There are 2 protein chains.
Amino acid sequence: MNPLQELRQRYKQLAKNLPHPARQDYEAACQRELLPKGYYLCRQGAICRQVATLESGSARVFHLKGTTEVSTAFLFPGDFVTSFQSFYLQVPSQSAIQLMEESQVTLLSYQTLQKLKATYREIDEIDRLSNDYYTMWLEERIFSLQFHSATERYADLLHNEPHLVQKVPLSYIASYLGITLETLSRIRAKVS
Amino acid sequence: MNPLQELRQRYKQLAKNLPHPARQDYEAACQRELLPKGYYLCRQGAICRQVATLESGSARVFHLKGTTEVSTAFLFPGDFVTSFQSFYLQVPSQSAIQLMEESQVTLLSYQTLQKLKATYREIDEIDRLSNDYYTMWLEERIFSLQFHSATERYADLLHNEPHLVQKVPLSYIASYLGITLETLSRIRAKVS
DNA sequence: AAGCTGATTTGACAAATGTCAAAACCAGTC
DNA sequence: GACTGGTTTTGACATTTGTCAAATCAGCTT
């Protein structure tokens, strides 16, 4: 496994094995909800006040550009879901976050997370590591967007997140790769 | 000013106004050097063991892809310079960092920074904020790469970092924008 | 099985960008 | 002022990707 994936494992392990006092406070502070497909965890232009942990289901982050939506991320069980800039700076979000299926999520507000981080070193550490992971994930994505052709980017995706291609509609994937639906369709025809 | 630039200001302010005890320890721990143009702060494949603060001069981060270099960042006075993944995980770097001119830099090793962060809340805060800034900067860059045409990306750059276009050779800028030198040249001819 | 609806594929053509080679430009040097 | 090496621009043409319209496919409903 590469360093990036190890890091992901590491913070997920830490989150799962949160020791007792921290765990208890965390459980008490967060809010578990079963939300329907299509639910907005954050709307574009609104301040993202919570971070969600996906227990089941899936979500996507996208930006509304005029009339078209451009997807920038897809999230799955175990992932922390939030609009990074909006959440950490508490400023309006540049993108929206929407559930792609009915999902079980655990919600934590900005203020609560701040308190938990200040109280428990372990929670602070998880927050830090997951942010580091996100940063490195972004670096990898830039790599792909900047250096690779559409065909290569699709191959990258297939390689890095094969499950994603099964579950996510092609129109979302196309915008995520920065190409049109038609081009993606042609790439797929060639490959297979 | 947008939230991103405010954040940048904020961590630079904090760094400049580091209170006495922390400042003294920091000064003692770091290493000031005047390094020549072309000097490698980190080579591709090596572990990046230090973070540099640029006092004067400039640097660029690039990736060697076969025979061609693709630039991924340009750094100027006041910026912290390191290979994020390599430094924070202490794993081999995917890219190289080279000085574009003779530069005065302040070097801090990984171990020393860890100690300083553990001892001084202020230094920890600066590290955190500068990482957050970097993350948001990456998000913006992805935005540009994923949504915008070559012409728009050049306009973005001109808008976000106008000084850069004066100081950096066009061949570096072209690869940074993910296009060829010739295409960049044609874009410039059209615009002006 | 027929009909509907949304997702995906295919076709024809246009626009953007890449490739390779040559020309022009520019700063420093003799 | 011409020479030189590196940078930038220009030209001709190839390739990739986008656009718009139509065809096909897949899953549901009746």
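Each chain gets a letter, A, B and so on, in the order the sequences are listed, and its residues count up from 1. Values below: all heavy atoms of this structure, side chains included; hydrogens, waters and symmetry mates excluded. Predicted, not measured: the structure shown is a model, and the values here were computed from it.
Atom CG of B:Leu177 and atom P of C:dG18 are 10 Å apart (whole Å). Separating the NE2 atom of A:His148 from the P atom of D:dT15 is a distance of 21 Å, rounded to the nearest angstrom. Between A:Leu184 atom CG and D:dT19 atom C1' there is a gap of 16 Å when expressed in whole angstrom units. Rounded to whole Å, the distance from CZ on B:Arg153 to P on C:dA16 is 13 Å. Remark: P of C:dT8 and CZ of A:Arg188 are 8 Å apart, rounded to the nearest angstrom. Rounded to an integer number of Å, the gap from OH of B:Tyr154 to P of C:dT17 is 15 Å. When rounded to the nearest whole Å, the span between CG of B:Leu181 and P of D:dG6 equals 15 Å. Per the geometry, CD1 belonging to B:Ile187 stands 15 Å off P belonging to D:dT8, to the nearest Å.
Listed pair A:Ser185 / C:dT8 fails the phosphate criterion, with no side-chain N or O lying under 4.0 Å from OP1 or OP2. Taking only side-chain nitrogens and oxygens, B:Thr183 never comes nearer than 4.0 Å to OP1 or OP2 of C:dT17.
With hydrogens and angles left out, the side-chain atoms of A:Gln13 and A:Asn17 include a donor and acceptor closer than 3.5 Å. No hydrogens or angles considered: nothing links the side chains of A:Ser86 and A:Ser93 as a donor-acceptor pair under 3.5 Å.
Under the 30°/60° scheme for interplanar angles, the aromatic rings of A:Phe84 and A:Tyr88 are found to be tilted. In this structure, A:Tyr40 and A:Phe62 have tilted ring planes: the angle between them lies in the 30° to 60° band.
The side chain of A:Glu182 approaches D:dA21 more closely than any other nucleotide in the set D:dA21, C:dC20, C:dG18. Across C:dG11, C:dT19, C:dT17, the shortest atom-to-atom separation from the side chain of B:Ile179 is found for C:dT17. Nearest to the side chain of B:Ser149, among C:dT17, D:dT17, D:dT9, sits C:dT17. Distance from the side chain of B:Leu170 is smallest for D:dT8 among the nucleotides D:dT8, D:dT10, D:dT17.
Proximity of B:Tyr120 to B:Pro21: side-chain heavy atoms (C-beta onward) are separated by under 4.5 Å at one or more points.
Within 3.5 Å, no donor on the side chain of B:Arg186 pairs with an acceptor on the base of C:dG18, nor the reverse.
Judged by the 6.0 Å and 45° rule, B:Arg49 forms no cation-pi pair with B:Phe87.
Look at A:Arg32 and A:Glu27 and you find no salt bridge, because none of the NZ, NE, NH1 or NH2 atoms lies under 4.0 Å from a carboxylate O.
Axis angle between the ends of the helix from C:dA1-D:dT30 to C:dC30-D:dG1, five pairs each and rounded to 10 degrees, works out to 20°.
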